Each structure stands twice: as structure tokens, then as C-alpha cells.
Enquirer: 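Before I ask anything, let me first share the structure, which is written out below as C-alpha cells.
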2 protein chains.
Amino acid sequence: MDPNLIPFFKAAVSVDNVVFGFDQSGLKVLLIYRGADPYRNCWALPGDLISLDSDLSSSAEKVLQDLTGLDKVYMEQIHTFGKVDRHPFGRVFTVAYFALIKIEDYNIHPSSWAEEAAWFPISEIPDLPFDHNEILLFAKDQLKTKIRRQPIGFELLPKYFTLTELQKLYESILETEFDVRNFRKKILSMDFITDTGLKQSSVTHRPAKLFKYNAKKYSKLSSSDFAFDL
Amino acid sequence: MDPNLIPFFKAAVSVDNVVFGFDQSGLKVLLIYRGADPYRNCWALPGDLISLDSDLSSSAEKVLQDLTGLDKVYMEQIHTFGKVDRHPFGRVFTVAYFALIKIEDYNIHPSSWAEEAAWFPISEIPDLPFDHNEILLFAKDQLKTKIRRQPIGFELLPKYFTLTELQKLYESILETEFDVRNFRKKILSMDFITDTGLKQSSVTHRPAKLFKYNAKKYSKLSSSDFAFDL
DNA sequence: GAATATATTGTAAAATATACAATAATACCA
DNA sequence: TGGTATTATTGTATATTTTACAATATATTC
């Protein structure tokens with residue numbers, strides 16, 4: 001099909017990914033050190049212009065894969081940002097995604113023009129180029145809203161996890177604290193997790209039971225008929 | 001700034017609006033009859049390609065204004081759709097918005113290449129061109145999710161409304177029914193609406209009290225610290 | 001085996017949600 | 001004018017959920 005059938009203004013389109021990770025020290029965001037203009041030598045969200053031969057969602061995965069080596073991660077579209085002057089080189093619309101990954105399961109391999117990649121604690125994010133700070137704020141808010149309604153937090157935890165880890169995860173994202181007993185009662189009363197019978201090892205105190213997430217049951221639900229409601 | 005500094009693929013970008021309205025017969029969506037290719041002579045969502053001289057959100061307002069005459073309506077971005085072949089004339093990314101309007105307050109004036117504009121009951125939407133049916137589905141789901149958490153339903157009602165109207169609105173959007181007494185208790189226990197002291201007139205039965213929405217209190221809240229929770 | 005460190009568990013009270021039906025206010029009509 | 005039709009308004013008892021709160025258990029280390 002002749003692309004010139006659209007006699008109209010055209011713009012570049014990019015994808016920016018807000019990749020969240022979690023470990024004992026709390027919630028983290030993955031940034032890359034830019035080795036390309038504009039904003040060369042700055043930490044920024046892993047994002048790039050996209051080509052026109054794949055669907056938007058595939059492009060998002062490809063951008064993340066190219067810059068960080070991350071593959072097959074949980075991704076969700078957040079919002080599209082399109083201020084006229086958000087990119088110094090011209091009109092670029094950017095579609096923001098958030099991604100949730102299990103830090104332990106992946107090795108980050110910065111490549112393409114990403115010179116480095118590093119996890120930054122959510123509370124220590126530097127000034128970022130473009131409108132990336134705004135995008136990050138949006139992503140945090142979205143994650144906060146979403147995690148209260150849908151069981152997506154498990155994407156941030158290892159396959160087997162303790163209830164304490166799960167609680168800390170919710171507490172860092174929601175920026176609040178829960179009572180240990182009430183949290184456990186509530187989580188267990190939903191059907192989301194199962195006791196594996198296994199226990200933590202190599203800890204210097206009473207080992208905790210290991211749980212896993214029951215993924216299967218919760219596919220195919222429309223977002224509006226969910227009520228995780230933590 | 002020289003736009004050629006971006007040596008990259010470019011695409012057209014459009015906006016598609018899912019405009020919701022509500023009256024005694026239920027929830028409705030505004031469609032226009034296309035007087036331009038592609039899909040000339042079809043009912044479709046009011047959407048159009050955008051130019052590069054305004055911010056994305058302004059473009060969304062402008063598209064709606066140009067096609068329907070609607071101005072200053074509540075709009076919110078939903079999602080961006082970017083399948084390779086979603087537009088027969090080439091690569092077009094479309095950013096979908098939903099809009100909520102008070103049907104009575106506006107006259108729709110189809111213009112530009114929109115030959116007609118009409119309200120379609122949500123349950124009687126025809127087959128739409130492009131990926132508009134998918135967009136509409138997305139919008140319905142988003143509205144459903146959102147209205148349970150944030151007091152946006154009032155954008156669909158006249159300035160003064162009865163509790164029965166409010167209940168019908170929630171029932172149509174959420175596709176459920178509420179007990180009259182419990183619904184009223186719950187709504188009134190939140191601080192969202194005030195009894196104006198006025199009553200319905202010209203009805204052939206006991207006139208209902210008229211309420212209005214307390215808009216001011218609920219600005220500036222981040223979406224994550226809301227709990228409307230109907 | 002004592003000290004240290006974290007994991008695990010139950011119960012009572014308060015708040016919220018649910019189920020359910022009788023009475024009130026207006027217009028219309030005989 | 002009184003009866004009928006139609007929708008609006010309101011309360012209470014019960015079930016469920018949420019909250020507040022602390023003692024005991026299980027492992028390691030010294």
C-alpha cells in the first residue's frame with residue numbers, strides 16, 4: 001500500500017519503558033546511560049524511536065530487548081506523551097510502558113547505544129532528560145493504582161517467595177504499612193498464592209514458608225471485573 | 001529546529017474519541033458518518049489525523065471540536081493503538097480518548113468531513129471501520145473501571161439531577177443493579193453531592209429532590225489515592 | 001543452652017455491606 | 001374531591017469485612 005496515500009504531517013514515534021524491579025532494599029527502576037544524542041551521557045528511561053514494520057506492542061518489546069537484553073517481561077501500556085517540544089530534534093510522540101521484572105531472573109545487558117544500565121531506588125531517581133521524570137511519575141501512580149486491583153505484584157517477585165517479602169513489596173509500592181496478621185489473612189483469603197511446602201534456607205533465624213503465585217486462574221478477566229482490593 | 005535531525009521512519013498520528021452521553025434511555029456513544037476516505041459512508045468514531053503544531057491533548061480537543069462542535073468537554077486519554085495494518089492507507093498510530101458529556105448541554109454540529117453525527121445506544125453499535133470496535137470496547141472497560149473509583153459520572157449528568165438518575169447512570173455503566181436504599185446511603189455518605197433544596201417539576205408523580213455535584217473538593221488528587229468504590 | 005532474629009497465629013470490637021418493604025408526595029382522572 | 005397511578009423516600013436487623021492488638025514458635029549462632 002502506498003504510504004503517500006496519507007497526505008499529511010508525519011511524526012516520529014518512540015517507546016519509553018519504565019522497568020520496575022524489587023529486592024530486599026525496595027522498589028527500583030532501571031535506567032540506561034545514553035551513548036547517543038540528544039542527551040548523550042545522561043541517565044534516562046530505556047526508550048527509542050521505533051520503525052514502521054512492527055505493531056506497537058512488539059516495538060515496545062523490541063526497544064527494551066535491544067537496550068537491555070530483557071525479553072519476555074510483563075509489559076503494559078501506560079500513556080502517550082505528545083507535547084510539541086518534548087524532543088529537541090523534532091516532533092516525537094512517545095508511548096510509555098511499564099514493565100515488571102524479577103530482578104534475580106534476568107541479567108541486564110546494555111547494548112545498542114545504551115552504554116550502561118543500572119537499577120535506581122525509586123526514591124533516588126536523578127533528573128532525567130526529555131519528559132522522563134513526568135513519565136516516571138505517571139508510571140508510579142499507575143503501578144500504585146493497578147497493584148491494588150490486580151495481582152500483578154507477583155511479576156516482581158521470584159517464583160518462590162515468603163509472605164514477608166510479599167508484604168514488603170506491597171508496602172513499598174503503596175507507600176504504607178500493613179499489620180502482619182491482617183495482611184496475611186487477607187492475602188491468604190484470596191486464592192492467589194499457594195504454600196509450596198518448601199522453606200527458606202541459609203537464613204540465620206526461623207526460616208519462612210515459601211509460597212508461589214497461582215497464575216492460571218486469573219487470565220482472561222476484563223480489568224473491570226477485578227477486585228483484588230488490598 | 002530542523003525536523004530532519006531525526007533520520008527515522010515517520011508515521012501519521014490520529015486521535016479517536018469515544019464520546020459517551022447519558023439520558024433516560026441509557027448510555028450512548030456519539031458516532032459520525034464519514035464523508036471522506038477511507039471508509040466513506042460509514043459510521044465511525046469521531047477521529048482524525050492530527051497536525052504537528054499542537055500538543056497531543058490539544059489536538060484531541062481540536063479533532064472533537066472540528067467534527068462535532070463539542071468544546072470544553074471532559075476528556076481523558078485511554079490507550080494508543082498501533083497495529084501495522086490498522087489503517088488501509090499506511091502506518092497510522094491512533095491515540096484514543098474518552099469524553100463524557102452532558103447531552104442536554106450541547107448541540108452537536110457535524111462539520112468538516114463529518115456528514116452526520118448521532119447518538120447510538122451502547123448496546124446497538126454497528127460494525128465500525130478501522131479498529132474502532134476494539135477501541136470502543138477498551139473505552140467501555142476503562143469507563144467501567146474508572147467510574148467505580150473516581151467521581152466522573154457527574155460529567156454525564158445535568159447540573160441538577162435526581163438520585164434516581166444517578167443510580168440509573170451507575171447501573172447502565174456497571175451493568176448491574178443496586179438496591180435503592182443502599183445506593184442512596186452510600187452515595188450520600190460520601191461527600192460528593194449536595195441537596196440543592198430544589199425539586200423536579202413537570203413530572204406526573206412525586207417530584208424528586210435535585211442534587212448537584214461538589215466539584216471543587218476533588219481536584220488535584222492523584223488517581224492512586226482515590227477510593228470512590230461503588 | 002542461652003541469646004538473637006524473624007515467622008507465625010487468633011480474637012474481640014468496630015465499621016461496612018447487605019437484605020428487605022412500608023409510607024410519602026405529586027398528578028391525573030372519574 | 002376523593003381515589004388511583006406513579007415514583008420518591010426512608011430504617012433496621014443481620015452478615016461480612018476490617019481493624020487493632022501481642023504472645024509463641026523455629027531456626028541460627030555463640
Side-chain angles (χ1 to χ4, degrees), chain A residues 22-26 147-149 151 157-158 160-172 174-213 225-230, chain B residues 22-26 147-149 151 157-158 160-172 174-213 225-230:
Chain A
F22 178 77
D23 65 18
Q24 55 280 35
S25 79
I147 204 174
R148 290 209 319 193
R149 312 293 174 192
L157 291 175
Y160 299 137
F161 52 85
T162 69
L163 290 179
T164 302
E165 287 164 349
L166 186 62
Q167 181 170 350
K168 294 276 175 255
L169 170 65
Y170 276 91
E171 290 179 339
S172 0
L174 296 174
E175 297 175 290
T176 184
E177 293 190 358
F178 296 105
D179 174 85
V180 191
R181 284 158 290 189
N182 295 339
F183 179 84
R184 285 166 183 240
K185 253 182 296 183
K186 179 116 195 195
I187 280 287
L188 292 171
S189 77
M190 308 170 184
D191 252 355
F192 291 125
I193 61 177
T194 312
D195 187 341
T196 60
L198 302 173
K199 284 187 180 176
Q200 250 180 340
S201 58
S202 329
V203 286
T204 172
H205 52 76
R206 176 173 177 177
K209 293 183 191 170
L210 292 171
F211 289 79
K212 66 176 181 187
Y213 171 53
D225 38 42
F226 239 110
F228 190 60
D229 261 315
L230 236 159
Chain B
F22 177 77
D23 64 16
Q24 56 278 37
S25 79
I147 203 173
R148 292 209 317 194
R149 312 293 175 192
L157 292 175
Y160 299 137
F161 51 85
T162 69
L163 290 179
T164 303
E165 286 165 350
L166 186 62
Q167 182 171 350
K168 295 274 175 258
L169 170 64
Y170 276 91
E171 290 179 341
S172 358
L174 295 175
E175 298 176 288
T176 182
E177 293 190 359
F178 295 105
D179 174 84
V180 191
R181 286 159 289 192
N182 295 338
F183 179 84
R184 286 168 182 237
K185 254 180 297 182
K186 177 118 193 193
I187 279 287
L188 292 172
S189 77
M190 307 172 184
D191 252 356
F192 290 126
I193 61 177
T194 311
D195 187 340
T196 61
L198 302 171
K199 284 187 178 174
Q200 249 182 342
S201 58
S202 331
V203 287
T204 174
H205 52 75
R206 175 172 177 177
K209 294 183 190 170
L210 291 171
F211 289 79
K212 65 175 182 187
Y213 171 52
D225 36 42
F226 240 111
F228 190 61
D229 264 315
L230 235 157

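This one's a predicted model, so the numbers in the text were calculated from it and none came from an experiment. Just so we're on the same page: letters track the sequence lines, and every chain starts at 1.
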Enquirer: Nearest to the B/T164 side chain among C/dT9, D/dA8, D/dA25, which nucleotide is it?
Expert: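 Among C/dT9, D/dA8, D/dA25, the one nearest the side chain of B/T164 is D/dA8.
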
Enquirer: Nearest-Å distance, NZ (B/K199) to P (C/dA27)?
Expert: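 Computing the B/K199:NZ to C/dA27:P distance gives 10 Å.
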
Enquirer: Nearest of C/dC20, C/dT8, D/dT6 to any side-chain atom of B/H205?
Expert: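 From the listed options, D/dT6 comes nearest.
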
Enquirer: Whole Å only: how far is the CD atom of B/E177 from the P atom of C/dA17?
Expert: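 Computing the B/E177:CD to C/dA17:P distance gives 20 Å.
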
Enquirer: Is any side-chain nitrogen or oxygen of A/T204 closer than 4.0 Å to OP1 or OP2 of D/dT29?
Expert: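 So the side chain of A/T204 is outside the cut-off, no N or O lying under 4.0 Å from OP1 or OP2 of D/dT29.
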
Enquirer: In whole Å, I'd like the distance from the CG atom of B/L210 to the P atom of D/dA8.
Expert: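 Going from CG in B/L210 over to P in D/dA8 covers 11 Å.
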
Enquirer: Tell me if the side-chain of A/R206 makes a donor-acceptor pair with the base of D/dA27, cut-off 3.5 Å, by modelled atom types.
Expert: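 Per atom types, no contact qualifies.
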
Enquirer: Does any part of the side chain of B/Y160, heavy atoms only, come nearer than 4.5 Å to the side chain of B/L198, both counted from C-beta?
Expert: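 Yes, at least one pair of side-chain atoms sits under 4.5 Å.
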
Enquirer: Nearest of D/dT9, C/dG10, D/dA25 to any side-chain atom of A/N182?
Expert: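 Among the listed nucleotides, the one closest to the side chain of A/N182 is C/dG10.
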
Enquirer: Which whole-number value in Å describes the distance from B/F211 CZ to D/dA8 P?
Expert: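 Atom CZ in B/F211 sits about 12 Å away from atom P in D/dA8.
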
Enquirer: Reckon A/K168 has a side-chain N or O less than 4.0 Å from the OP1 or OP2 of C/dT6?
Expert: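 Looking at the OP1 and OP2 atoms of C/dT6, neither is under 4.0 Å from any side-chain N or O of A/K168.
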
Enquirer: Hey, which sits more toward the 5' end of DNA chain C by its nearest nucleotide, B/V203 or A/V180?
Expert: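 Nearest-nucleotide comparison on DNA chain C picks A/V180.
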
Enquirer: Establish, with yes or no, whether the OP1 or OP2 oxygen of C/dA25 is under 4.0 angstrom from a side-chain nitrogen or oxygen of B/K209.
Expert: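 Indeed not, no polar side-chain atom of B/K209 lies that close.
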
Enquirer: Rounded to the Å, how far apart are A/Q200 CD and D/dT28 C1'?
Expert: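 Nearest whole value for this atom pair: 12 Å.
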
Enquirer: Quick one: does A/K168's side chain get under 4.5 Å of A/F22's, heavy atoms only?
Expert: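 In contact.
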
Enquirer: With a 3.5 Å distance limit and no angle check, can you tell me whether A/Q200 reaches the backbone of A/T162 through a side-chain donor-acceptor pair?
Expert: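 Not confirmed, A/Q200 side chain does not pair with A/T162 backbone.
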
Enquirer: Which nucleotide sits closest to the side chain of A/R181: D/dC21, D/dA25, C/dA21?
Expert: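 The closest nucleotide is D/dC21.
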
Enquirer: If I take atom CE in residue A/M190 and atom P in nucleotide D/dT17, what distance separates them, rounded to the nearest angstrom?
Expert: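 Whole-Å distance recorded here is 11 Å.
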
Enquirer: Name the closest nucleotide to the B/K186 side chain, picking from C/dT26, C/dA17, D/dT9.
Expert: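 Per side-chain heavy atoms of B/K186, the pick is C/dA17.
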
Enquirer: For A/K185, report the nucleic acid contact type (base, sugar-phosphate, nothing); a contact means any heavy atom under 4.0 Å.
Expert: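 The answer is base, as A/K185 lies within the cut-off (heavy atoms under 4.0 Å) of a base atom.
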
Enquirer: Rounded to whole Å, how long is the line connecting atom CZ of A/R148 with atom P of D/dT18?
Expert: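 In whole Å, D/dT18 P and A/R148 CZ are 13 Å from each other.
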
Enquirer: Answer whether the closest heavy-atom distance between the side chains of B/L188 and B/F211 falls below 4.5 Å.
Expert: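 In short, these two side chains touch, coming nearer than 4.5 Å.
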
Enquirer: Are any non-hydrogen side-chain atoms of B/V180 and B/T164 less than 4.5 angstrom apart?
Expert: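 No. Closest side-chain heavy atoms not under 4.5 Å.
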
Enquirer: Taking atom C1' of C/dC20 as reference, at what distance in whole Å does atom CZ of B/F178 sit?
Expert: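 Answer to the nearest Å: 17 Å.
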
